[in-house]
Each structure stands twice: as C-alpha cells, then as structure tokens.
Amino acid sequence: MKKCIIYILLISLFTIFSGCEKKENNNPAYYQCDKVLEYLSTKDKIGLKSLFCEEVKNNKDFDAQLENVINYFDGKIISHDNYSIASGDEFSEGKLIQKHASPIIYNVKTDTSMVYTVSFFTYIENEDTNKIGITLLGVKTKEFEQEAGYFIPY
C-alpha cells in the first residue's frame, strides 16, 4: 500500500512539473527586451536599430535620436527587475490586424551606479509589415526623472 501511494505521488508530481514551462520564451517581446538591454549595455547602435520597424527607421531624424539614446545610457547593465509586458491583439471581421506589446523594465542598474527604466512599444504582427518592430523607445533615469528616447507620432 505504501509503494502504491508513493508511486501515485511520483506520477502526480511528474505530471504537474512536466507541464511547467516558461511561457515568456514563446513571446517575441521577451526576446526584444533581452536585445534592447544588450544593445544599450554594449552601445550597439546597429543592433538596436535593427529592432525598430521600417517606418521608424525611415524617419529623417531617427539616427540622431537613436544616437542620443545610446549616449544617454551610461554603463554596462549589472541587474534589472523582471520584464513587465502588457500585450494585446486587434481583430477586424475575424482577421488579426495587429499584435502589439508594451514592455517596461524597471531598476535597470549599471556598473556606473545609474538606475534606469526602459520601456518600448512594439508591433509583433501587423497587416502593414512596415510597422512590425519597435515604434517607441524610452529610457528614463530613476534619480533625476530625465528621459531620452525616440518617439514616433501615429
């Protein structure tokens, strides 16, 4: 009887834990969060630019604004809070029109003792393929509430 109970318990635990997975790994916004932080930390302007949508990249002052963001971010990232991602879908007549996400990453700490909040808006899917990617990026210091970023009006 004891073996039977242990066997049932082990099967139950195996069933419960085998169903656990990190759902965020399937969400492209998590990947973009990782990349935004990596590119800010390494001051990789080309990498950061690659995450933006074509419509934003074609804006005449985009490169200058992106340079401002890269220069504003001081240091290499040593820690940050978990990603907080709001997302949504828009349908019209049963057809997916767009899928978007708005990640915010709080307490992004660098080796220069700076603390930032990084936020952005991204289209993961859109019927207008020129809008797929980041459309807005904001980097804000915690201490001084100063902000740098690129914002495109829609």
Side-chain angles (χ1 to χ4, degrees), residues 15-154:
T15 303
I16 291 169
F17 290 115
S18 67
C20 292
E21 65 175 303
K22 292 183 86 175
K23 298 283 185 200
E24 63 267 27
N25 289 340
N26 298 328
N27 184 340
Y30 280 85
Y31 170 81
Q32 288 180 326
C33 287
D34 289 340
K35 289 301 179 186
V36 165
L37 293 180
E38 175 188 333
Y39 296 149
L40 285 172
S41 189
T42 59
K43 299 204 173 286
D44 183 348
K45 182 179 173 184
I46 294 169
L48 190 57
K49 183 176 182 174
S50 73
L51 298 175
F52 282 82
C53 72
E54 290 303 316
E55 189 169 316
V56 171
K57 287 191 272 189
N58 292 333
N59 195 300
K60 66 179 180 173
D61 68 336
F62 174 72
D63 286 321
Q65 291 289 333
L66 194 60
E67 188 72 32
N68 288 342
V69 173
I70 293 284
N71 292 335
Y72 181 74
F73 194 86
D74 185 28
K76 304 264 187 233
I77 296 172
I78 56 174
S79 69
H80 59 80
D81 287 356
N82 290 333
Y83 305 149
S84 176
I85 301 176
S87 61
D89 302 333
E90 181 182 334
F91 290 88
S92 177
E93 298 176 6
K95 181 182 172 195
L96 179 66
I97 302 298
Q98 67 173 335
K99 182 178 232 168
H100 60 270
S102 301
I104 300 176
I105 310 156
Y106 294 103
N107 293 315
V108 179
K109 297 178 183 175
T110 69
D111 59 0
T112 60
S113 300
M114 294 298 294
V115 180
Y116 298 94
T117 298
V118 176
S119 60
F120 60 94
F121 183 89
T122 183
Y123 285 106
I124 297 164
E125 294 181 37
N126 196 304
E127 60 182 7
D128 179 354
T129 57
N130 286 325
K131 291 184 179 177
I132 295 175
I134 294 175
T135 59
L136 175 144
L137 172 66
V139 178
K140 188 179 202 178
T141 62
K142 189 172 183 178
E143 291 84 10
F144 305 110
E145 295 300 314
Q146 294 173 336
E147 190 166 12
Y150 184 79
F151 306 96
I152 184 169
Y154 274 99

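Count residues from 1 along the sequence.
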Note to self: Once rounded to the nearest 0.5 Å, what's the spacing between atom SG of Cys33 and atom CG of Asn27?
What the structure shows: 8.5 Å

Item checked: Heavy-atom pair of closest approach, residues Asp128 and Asn126 -> N-OD1, 2.9 Å

Notebook entry, point to check: Stepwise, does the side-chain contact (heavy atoms from CB on, under 4.5 Å) test hold for Tyr116 with Tyr72?
Noted result: CA-CA 10 Å; Tyr116 298 94; Tyr72 181 74; 4.0 Å; yes

Notebook entry, point to check: Is there side-chain contact between Phe121 and His100, with at least one heavy-atom pair below 4.5 Å?
Noted result: yes

Next item on the list: Establish, yes or no, whether a centroid distance under 6.0 Å links the rings of His80 and Tyr106.
Entry: no

Note to self: Before you tell me yes or no, could you show the steps for Ile104 and Thr117 under side-chain contact (heavy atoms from CB on, under 4.5 Å), namely the whole-Å CA-CA distance, both residues' side-chain angles and the distance that decides it to 0.1 Å?
What the structure shows: CA-CA 7 Å; Ile104 300 176; Thr117 298; 3.8 Å; yes

Notebook entry, point to check: So, the side chain of Thr122 versus the backbone of Gly133: is there a donor-acceptor pair under 3.5 Å, distance only?
Noted result: yes

Notebook entry, point to check: Looking at side-chain heavy atoms only, is the closest gap between Asp81 and Ile105 below 4.5 Å?
Noted result: no

Below 3.5 Å, can you tabulate the donor-acceptor pairs from side chains in residues 39-54 to any protein atom, sequence neighbours excluded?
unit_1 : atom_1 : unit_2 : atom_2 : d
Ser41  : OG     : Ile77  : N      : 2.9
Thr42  : OG1    : Glu38  : O      : 2.9
Lys43  : NZ     : Ile70  : O      : 2.6
Lys43  : NZ     : Phe73  : O      : 2.3
Asp44  : OD1    : Ile46  : N      : 3.3
Asp44  : OD1    : Gly47  : N      : 2.7
Lys45  : NZ     : Glu67  : OE1    : 3.2
Lys49  : NZ     : Asp63  : OD1    : 3.0
Ser50  : OG     : Gly47  : O      : 2.5
Glu54  : OE2    : Lys57  : NZ     : 3.1

Check: Any side-chain heavy atom of Tyr30 within less than 4.5 Å of one from Pro103?
Finding: no

Note to self: Tell me the closest heavy-atom pair linking Ile134 and Val36, and the distance in Å.
What the structure shows: CD1-CG2, 3.7 Å

Check: Within a reach of under 6.0 Å around CG of Asn58, are more than 12 heavy atoms found that belong to other residues, nucleotides or ligands?
Finding: yes

Notebook entry, point to check: Between the side chains of Asp34 and Tyr83, does any donor sit under 3.5 Å from an acceptor?
Noted result: yes

Margin query: Before you tell me yes or no, could you show the steps for Val69 and Leu137 under side-chain contact (heavy atoms from CB on, under 4.5 Å), namely the whole-Å CA-CA distance, both residues' side-chain angles and the distance that decides it to 0.1 Å?
Written below: CA-CA 9 Å; Val69 173; Leu137 172 66; 4.0 Å; yes

Check: Taking side chain as C-beta onward, heavy atoms only, is Met114 less than 4.5 Å from Thr141?
Finding: yes

Counting only pairs under 3.5 Å, give me each side-chain donor-acceptor contact of residues 84-92, with atom names and distances, residues two or more places apart or in other chains.
unit_1 : atom_1 : unit_2 : atom_2 : d
Glu90  : OE1    : Gln98  : NE2    : 2.5

Checklist line | Value rounded to 0.5 Å, distance of CD1 in Ile97 from CD in Glu127 | finding: 4.0 Å

Next item on the list: Mind checking the OG1-CG spacing from Thr112 to Asp74? Nearest 0.5 Å is all I need.
Entry: 3.5 Å

Margin query: Looking at every heavy atom in both Ile124 and Ile132, which two are closest together, and how far apart are they?
Written below: O-CG2, 3.7 Å

Note to self: Would Leu136 and Val56 count as a side-chain contact (heavy atoms from CB on, under 4.5 Å) here? Give the steps.
What the structure shows: CA-CA 9 Å; Leu136 175 144; Val56 171; over 6 Å; no

